[in-house]
Amino acid sequence: MTTRVPLTRRYLMCPPRYFAVDYAINPWMDPETPVDRERALAQWAGLRDTYRRLGHTVEEIEPEPGLPDMVFAANSGLVLGGRVLGARFRAPQRAPEAEHYRRWFTGHGYPDITMPSRINEAEGDFAWTGRLLLAGTGFRTEPEAHAEAQEVFGVPVLSLRLVDPRFYHLDTALFVLSEATDDSPGEIAYYPPAFSPGSQRVLARLFPDAVIATDADAECFGLNGVSDNRHVVLPAEAAALAERLADRGYEPVPVELSELRKGGGGPKCCTLEIRK
Ligand code: ARG
């Protein structure tokens with residue numbers, strides 16, 4: 001079996017100190033269901049410590065009162081080659097998050113930052129394969145934002161249409177397991193029914209060896225995983241998917257994030273990758 005070599009990552013995360021479900025902007029959020037913030041914080045710290053134990057660097061941004069979704073760092077920036085494309089949120093409740101993250105980047109050695117002019121929920125809807133930037137649209141990020149990302153980074157962007165409101169961000173329906181090499185397009189896992197028929201055909205054509213997720217894998221946010229090319233951090237509930245990844249030589253690393261799930265997010269949503 002292939003020996004999978006882990007690659008060291010740099011992540012930006014935001015502690016859920018003000019996490020709450022006060023409004024519903026995706027089908028997972030129910031303001032009637034109580035949230036245990038202490039538990040959310042403990043689970044979040046577990047995720048952060050897991051990354052550190054795997055040898056990755058985790059930076060932390062200060063959360064802001066009144067921005068309960070700020071913990072979902074992936075939505076606030078896309079960083080490739082040290083260049084940053086910021087966010088522009090669809091929901092007014094989340095809009096101010098973009099500026100807090102912009103300030104973090106400018107204050108931490110990332111002066112090359114572009115703020116988008118179209119709705120753009122960053123890594124929530126963009127996934128870098130090492131060669132292509134896969135880009136989701138349909139619920140949040142606008143297609144024009146895909147073109148904007150292509151101009152900013154000078155990498156080919158491939159638009160994919162999401163059709164199931166439960167999988168409203170690309171990162172709830174697809175993730176990159178290993179990056180492209182000279183003789184491979186990279187390896188991804190995805191849930192076909194989350195995509196339009198045409199987008200499904202594009203994915204099947206580009207990634208014939210992809211891991212195809214089942215309904216159960218997708219419904220527990222199994223596709224909201226984070227891979228370092230070897231270790232795959234994913235929700236503990238995604239046990240069946242974990243087993244299939246192990247068969248391919250990956251090392252699944254389960255994490256418990258049940259409180260943050262109430263906001264409609266999993267491990268990847270809490271993790272913004274800073275790519276040098
Ligand atoms: N409550 C947040 C929202 O609906 C959750 C964001 C999840 N983030 C993600 N990358 N999928 O915007």
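Read the numbers this way: they start at 1 and go in the same order the structure lists the ligands and their atoms.
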Report summary line: side chain to side chain donor-acceptor pair (under 3.5 Å) pairs touching residues 65-79, sequence neighbours excluded, are Tyr23-Asp69, Asn75-Arg94
Report task. Sort and list the pairs that fulfil side chain to side chain donor-acceptor pair (under 3.5 Å) and have at least one residue in residues 129-138, not counting sequence neighbours. Result -> none
**Report entry** Shortest non-hydrogen contact from Glu123 toward Glu273
**Finding:** OE1-N, 2.9 Å
**Report entry** Arg83 side chain vs Val152 backbone, donor-acceptor pair below 3.5 Å
**Finding:** yes
Requested in this report: Please identify each residue that fulfils side chain to side chain donor-acceptor pair (under 3.5 Å) with Thr271, with sequence neighbours left out.
Outcome: Tyr51
Report task. Mind checking the CZ-NE2 spacing from Arg102 to His100? Nearest 0.5 Å is all I need. Result -> 11.0 Å
Contacts table for ligand 1: protein N or O within a distance under 3.5 Å of ligand N or O, distances only.
from     : atom 1 : to     : atom 2 : distance (Å)
ligand 1 : 1 (N)  : Asp69  : OD1    : 3.1
ligand 1 : 1 (N)  : Asp69  : OD2    : 3.0
ligand 1 : 1 (N)  : Gly263 : O      : 2.8
ligand 1 : 4 (O)  : Asn26  : ND2    : 2.7
ligand 1 : 4 (O)  : Arg140 : NH2    : 2.8
ligand 1 : 8 (N)  : Asn75  : OD1    : 3.0
ligand 1 : 10 (N) : Asn75  : ND2    : 3.1
ligand 1 : 10 (N) : Asp171 : OD1    : 3.3
ligand 1 : 10 (N) : Asp171 : OD2    : 2.6
ligand 1 : 11 (N) : His169 : ND1    : 2.8
ligand 1 : 11 (N) : Asp171 : OD1    : 2.8
ligand 1 : 12 (O) : Arg94  : NH1    : 2.6
ligand 1 : 12 (O) : Arg140 : NH1    : 2.9

